[in-house]
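For the numbers below, each heavy atom of this structure counts, side chains included, while hydrogens, waters and symmetry mates do not.
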Amino acid sequence: MKDLVLQLEQNHFLTDEEFKLLLEDESDEVLSFLNERAAYVSKKTYGNKVYIRGLIEFTNYCRNDCYYCGIRRSNCNAERYRLTDEQILDCCETGYKLGFRTFVLQGGEDGFFSDEKIVGIIKKIKEIYPDCAVTLSIGERTHDSYKAFFAAGADRYLLRHETADSEHYRQLHPGNLSLENRMQCLYDLKKIGYQVGCGFMVGSPYQTTESIIKDLKFVKELKPHMVGIGPFIPHSSTPFKDYKQGGLKLTLRLLSIIRLMLPNVLLPATTALGTIDSEGREKGILAGANVVMPNLSPKNVRKKYLLYDNKICTGDEAAECILCMKRRMQSMGYEVVVSRGDYKEINGE
Ligand code: 5AD
Ligand code: FES
């Protein structure tokens, strides 16, 4: 099995059969070896640096009804909120003072935020903080909308594909959403010139080894700049409330596999990973991740942006959260850096 790990490190890919063996292997020894190789590869490109992104969850209204998600339209228990432009800019100001140079505007698919409104917000942030990167994570929009946001100054776009298996996609989403459209959005975003992030949940209901292999192949084909993966965690007010959460080990295994497939990818150790294990994010970094995304949302709305149960960091001020994160990273010999943390090209890739 260790041969397969080395082969993946060298060739950045495996056959379906080989991926299956590696994904279904259960030995801790192989997992440690995989994590070590991935952390080594990550260090070769990014050193012992961990990049931070300030996450601003600016609306939890959503027109969609994804079966796994706590802010789905049908969840009447969710207390809805939207931040004003001023509140968003306040978050950026706090974040900037704390050293953030990337702001991630994340929200549900909220019709209130028209293209004009989003363009206005991007322009304001870019005007005040020209040295910062703006990342959008606001779901599926038209090609023209994506172009308008890019022209306004947005640098990056996160849109997890959720699963690259169309049958599985239908099991996670209502019929009006399609994998085809999702993938088209990602290709459009890339063509427009964004640094693009795709990703998927680990251990989501009905996920199989075969569907994960499709995810890996899609990731390889899209060649994103970022890949966001984290365990599925049930939310008590969703149709998936009784499904079990994704596993820590499989998530760590996948982080490492993705690092070895795309050596210079930006790979976050996600909040969901920190939620299923108190040292999940640290373990993620040691498995090859190199990004963390502390929350910059105002404290009074944090408990409302709940995609899943038991989310961590919902009671902390931004300043506490970043200090905590710095301490956590330092404890493992890593350093949180103040910079935009752009993707590093290697040999034109
Ligand atoms: N568990 C884990 N991750 C989730 N997401 C949404 N709901 C859940 C959940 N219950 C993830 C999706 C989405 C991202 C913003 O959060 O992958 O793209
Ligand atoms: Fe948020 Fe520790 S990282 S409180």
Practice item. Mind checking side chain to side chain donor-acceptor pair (under 3.5 Å) for Arg340 and listing every partner two or more places apart, or none if nothing turns up? Key: Asp342
Min side-chain heavy-atom separation [X]-[Y] under 4.5 Å:
X      : Y      : answer
His12  : Leu262 : no
Cys62  : Arg72  : no
Gln207 : Leu172 : no
Thr163 : Leu179 : no
Ser204 : Phe240 : no
Leu216 : Leu254 : yes
Arg253 : Ile212 : no
Val219 : Pro224 : yes

Exercise for review: Determine which pairs satisfy ring-ring contact (aromatic ring centres under 6.0 Å, His included) with at least one residue from residues 303-349, sequence neighbours left out, and list them in order.
Suggested key: His225-Tyr343
**Study point:** Where at least one partner belongs to residues 272-303, residue pairs that pass ring-ring contact (aromatic ring centres under 6.0 Å, His included), sequence neighbours excluded
**Key:** none
Can [X] and [Y] be counted as an ion pair, charged N to O under 4.0 angstrom?
X      : Y      : result
Asp309 : Lys241 : no
Arg170 : Glu167 : yes
Lys97  : Glu93  : yes
Asp188 : Lys147 : no

Between [atom1] of [X] and [atom2] of [Y], what distance do you get to the nearest 0.5 Å?
X      : Y      : atom1 : atom2 : answer
His168 : Gln171 : NE2   : CD    : 6.0 Å
Arg141 : Phe149 : CZ    : CZ    : 4.5 Å
Leu8   : Leu22  : CG    : CG    : 7.0 Å

Check this for me: [X], atom [atom1], are more than 12 non-hydrogen atoms of other residues, nucleotides or ligands nearer than 6.0 Å?
X      : atom1 : answer
Lys249 : NZ    : no
Tyr187 : OH    : yes
Lys191 : NZ    : no
Lys304 : NZ    : yes

Please check if any side-chain donor atom of [X] sits under 3.5 Å from a side-chain acceptor atom of [Y], or the reverse.
X      : Y      : value
Thr45  : Asn264 : no
Tyr51  : Tyr46  : no
Asp165 : Ser211 : no
Ser256 : Asn35  : yes
Tyr96  : Asp131 : yes

Which side-chain N or O atoms in residues 133-140 pair as donor and acceptor under 3.5 Å with protein atoms at least two apart or in another chain?
unit_1 : atom_1 : unit_2 : atom_2 : d
Ser137 : OG     : Gln106 : NE2    : 3.1
Glu140 : OE1    : Asn181 : ND2    : 2.7
Glu140 : OE2    : Arg182 : NH1    : 3.0

Review point. Mind checking what makes side-chain contact (heavy atoms from CB on, under 4.5 Å) contact with Cys66, not counting sequence neighbours?
Key: Asn64, Tyr68, Cys69, His173, Leu177
Is there a donor-acceptor contact under 3.5 Å from the side chain of [X] to the main chain of [Y]?
X      : Y      : answer
Arg302 : Asp316 : yes
His235 : Tyr67  : no
Arg80  : Ile71  : yes
Gln10  : Gln7   : no
Lys126 : Cys132 : yes
Arg37  : Lys2   : no
Ser42  : Ala38  : no
Tyr61  : Gly108 : no
Lys283 : Leu273 : no
Lys20  : Thr209 : no

Check your understanding: Would Val227 end up clustered with Met261 when hydrophobic side chains under 4.5 Å apart are linked, directly or stepwise?
Key -> yes
Exercise for review: Check the hydrophobic clustering (I, L, V, M, F, W, Y; side-chain heavy atoms under 4.5 Å; chains of links allowed) and say if Val265 and Val202 are grouped together.
Suggested key: yes
Review point. Is the centre of the Phe150 ring less than 6.0 Å from the centre of the Tyr157 ring?
Key: no
Point to revise | Aromatic contact, Phe113 with Phe58 (centres under 6.0 Å) | key: yes
Exercise for review: Hey, could you give me each pair passing side-chain hydrogen bond (donor to acceptor under 3.5 Å, both in side chains) that has a residue in residues 287-299? Not counting sequence neighbours.
Suggested key: Glu57-Asn295, Glu57-Ser297, Arg259-Asn290, Asn295-Ser297
Check your understanding: How far apart are the closest heavy atoms of Gly341 and Leu266, and which atoms are they?
Key -> O-CD1, 3.7 Å
Review point. Shortest non-hydrogen contact from Leu98 to Lys326?
Key: O-NZ, 4.4 Å
